[in-house]
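Data first, discussion second: the structure below is written as structure tokens.
Everything numeric in this text was worked out from a predicted model, so none of it was measured.
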Amino acid sequence: MHLPLIVPATIPSFRSTTGRRLTTAGLLATLGLAPAHGSTQESPASRPLPALIAAGDSAWDTGRRDDAFAAYEQVVRRDSTASSRTVFRLATLLSWRGDLARAAVLHRLYVRLEPRDDEGRLALARVLSWDGRFDDALVLYDSILARDRSYRAAALAKGEVLSWAGRWSVALGTYQGWLREHPTDIDAELGLARTLSWAGRLDEAERRYVAIDTRLGGRSPQAEKGIARVAAWRGDLPRSERLWRALTAKYPDDAEAWTGLAQVLRWTGRPGPAEQALNRALSAQPGYGDARQQLQWVRADLATSLEPSVTYTNDSDHNRSTFVSVAGGIAPPWTGRLILGAGYRDAALTPASSTGRSMNARAVASWTPFARAAVLRGEAGLTSLRGEQAGTVTTRTRHTLAGRVAADVAPGVSLGAGLSRTPFDETATLIAGGIVLTALDGDGSWSLPRRLTLSGGGGYATVTGGSVRNYRSSGSAALRWIWRRGVSVSTALRTFGYAKVAGDGYFAPKRYRLLEASGRWEAPHDLGWLWGVDGGVGPQSVNAFGATNNRLAERIALSLVYRPAPGLEWGASGGFTNVAAPSSVSAAEYRAWTLGVRGRWSF
């Protein structure tokens with residue numbers, strides 16, 4: 001979790017400590033500020049310390065941070081106890097620069113110089129928490145609250161640090177305890193709602209955010225952003241995008257709103273528009289850490305990439321296939337992606353002693369002409385087929401041409417359509433037959449209330465190259481409920497059928513139906529080990545031009561990916577299915593196994 005670098009809200013009061021010296025050489029040595037040769041005396045050529053302090057204060061007051069830093073650094077280097085105000089301000093400047101370790105050293109020095117100043121302890125605790133040293137920060141917050149339990153800044157900061165540390169139940173108790181005595185404290189309400197969302201209690205979090213926004217008459221940017229963020233974490237990305245866009249229109253200089261929009265755009269596979277949103281965020285606030293962190297991911301998505309993969313499949317019809325592919329992606333002059341790829345498939349069918357090999361080269365281009373979810377995609381390629389069946393060798397060349405458009409046509413409603421002509425080369429028999437599919441399809445989805453999504457689609461395809469010219473019609477509908485991002489359940493109906501009986505190595509029933517209940521569970525974070533489980537079960541019915549077979553069908557897929565940095569990952573996946581597929585031959589029982597490995601490098 002990225003922790004925002006929030007500067008202290010107030011600067012403590014200061015008292016001069018000139019003439020009072022502490023043993024601080026060890027602390028200053030760690031900063032590289034120890035006086036030369038151990039002397040704290042002013043050199044003849046140096047400006048007097050009071051003049052340096054005054055110059056630093058003037059630069060601080062007029063916002064010239066670099067000049068203030070240079071002056072204060074010289075003061076502390078020459079006499080670390082000349083002015084506690086100088087020590088504090090230099091520590092603050094270091095924290096603003098992100099140098100948290102050195103800032104913490106100077107804040108500790110300030111606490112030693114001003115042991116009764118709780119605001120100094122508070123500043124030290126904040127820097128320690130930003131540096132991930134949560135236990136040390138909590139000790140300081142508790143020491144402040146032990147003296148004054150009504151110290152608001154310490155109480156709320158303690159709840160925040162407990163949340164950052166993942167100690168959500170304790171953090172919730174801290175906020176709730178404060179709100180019992182201060183029920184109108186909006187910042188505490190926001191902290192409580194934020195902690196609920198981090199703890200995965202998204203419904204409660206949204207209710208809190210809505211209540212805050214209602215109480216403030218719809219004028220709470222933090223509550224509005226919390227609602228948009230909760231929608232994204234639930235996986236309701238279309239709604240989250242609408243909310244973030246409304247926020248950027250309402251608050252065009254809010255870096256956090258632009259960054260939230262960029263994250264949703266990246267999650268929906270639109271790195272180009274995400275980069276534009278992040279540029280707007282950094283234009284509004286150049287030092288905004290979350291935007292800079294997101295920009296690393298977006299640039300990795302847009303960078304030149306290399307993606308190799310190997311997939312092995314086998315099934316109950318004894319179709320074995322190994323497919324090796326490599327794809328390279330580059331950022332084209334337009335807003336989109338250009339992918340060049342090649343693949344090789346080695347397939348065999350036993351005991352029929354049928355073999356097939358296919359080699360393909362392809363180019364895929366996508367274009368996102370607008371900031372919203374409108375994507376145009378085109379593909380072109382060539383596939384060389386070589387099949388051997390019953391002692392007969394055939395060689396053919398088939399081309400691939402495909403185009404597709406998808407767009408958000410209304411809030412929560414997206415539609416897509418495509419036309420393609422591609423070789424059907426999944427098995428040795430299909431390669432030997434030179435089967436080609438020419439297909440027209442369309443699909444759509446509608447985001448409903450209560451985190452429900454209704455989707456459906458249909459298509460019509462012509463099958464050529466085999467013993468008969470065949471025609472396939474298909475349709476599907478699904479209702480999915482998203483519990484939270486990465487976790488969902490659904491029920492779906494899928495059906496397809498062919499006009500004619502075919503014996504060319506593909507599954508061609510008169511009508512096939514599957515009613516399935518399924519679930520999906522994936523790790524929603526970006527770095528480290530990521531895993532996913534997707535499974536379903538339901539009755540299927542196969543009408544094979546007269547004979548009807550009904551049975552239960554099951555499937556499960558597992559994946560494990562390691563991603564140590566943006567743009568670098570490798571992983572493995574495997575699956576088992578007992579669901580009839582177009583490449584199967586059996587009309588009733590069919591089982592297939594799949595194992596794959598893949599990688600991605602961006603450079």
Exercise for the section: May I ask you to decide whether Arg121 forms a salt bridge with Glu114, counting only side-chain N to carboxylate O separations under 4.0 Å? Expected result: no
Problem - Any side-chain donor near an acceptor of the partner, Asp131 and Ser129, under 3.5 Å - result: no
Practice task
Assess Arg65 against Trp60: is NZ or CZ under 6.0 Å from the centre of the six-membered ring, and within 45 degrees of the ring's axis?
Solution key: no
Handout entry: Cation-pi check, Arg97 onto Phe69 ring (under 6.0 Å, within 45° of axis)
Key = yes
Practice task
May I ask you to decide if Ala103's main-chain N or O and Ser95's side chain share a donor-acceptor pair within less than 3.5 Å?
Solution key: no
Practice task
Could you label the plane-to-plane angle of the Phe88 and His107 rings as parallel, tilted or perpendicular, counting under 30° as parallel and over 60° as perpendicular?
Solution key: perpendicular
Handout entry: Thr174 (side chain) donor-acceptor with Val170 (main chain) under 3.5 angstrom
Key = yes
Practice task
Test Gln285 against Glu256 for side chain to side chain contact (heavy atoms under 4.5 Å, CB included), laying out the working first.
Solution key: CA-CA 9 Å; Gln285 188 175 336; Glu256 186 179 5; over 6 Å; no
Practice task
Verify whether the ring centers belonging to Trp570 and Trp601 lie closer than 6.0 Å.
Solution key: no
Exercise for the section: Step by step, work out the side-chain hydrogen bond (donor to acceptor under 3.5 Å, both in side chains) result for Ser305 and Arg337. Expected result: CA-CA 11 Å; Ser305 63; Arg337 191 74 172 164; 3.0 Å; yes
Exercise for the section: Return yes if some donor-acceptor pair links the side-chain N/O of Ser220 with the main-chain N/O of Leu216 below 3.5 Å, else return no. Expected result: no
Practice task
State whether a side-chain donor-acceptor pair under 3.5 Å links Arg480 with Ser488.
Solution key: yes
Problem - Ser602 side chain vs Ala300 backbone, donor-acceptor pair below 3.5 Å - result: yes
Problem - side-chain hydrogen bond (donor to acceptor under 3.5 Å, both in side chains) contacts touching residues 137-148 (sequence neighbours left out) - result: Asp118-Arg147, Asp142-Lys158, Asp148-Ser150
Practice task
Quick one: pull up CG in Leu156 and OH in Tyr151 and give me the separation to the nearest 0.5 Å.
Solution key: 11.5 Å
Handout entry: Heavy-atom donor-acceptor pair, Ser283 side chain to Asn279 backbone, under 3.5 Å
Key = no
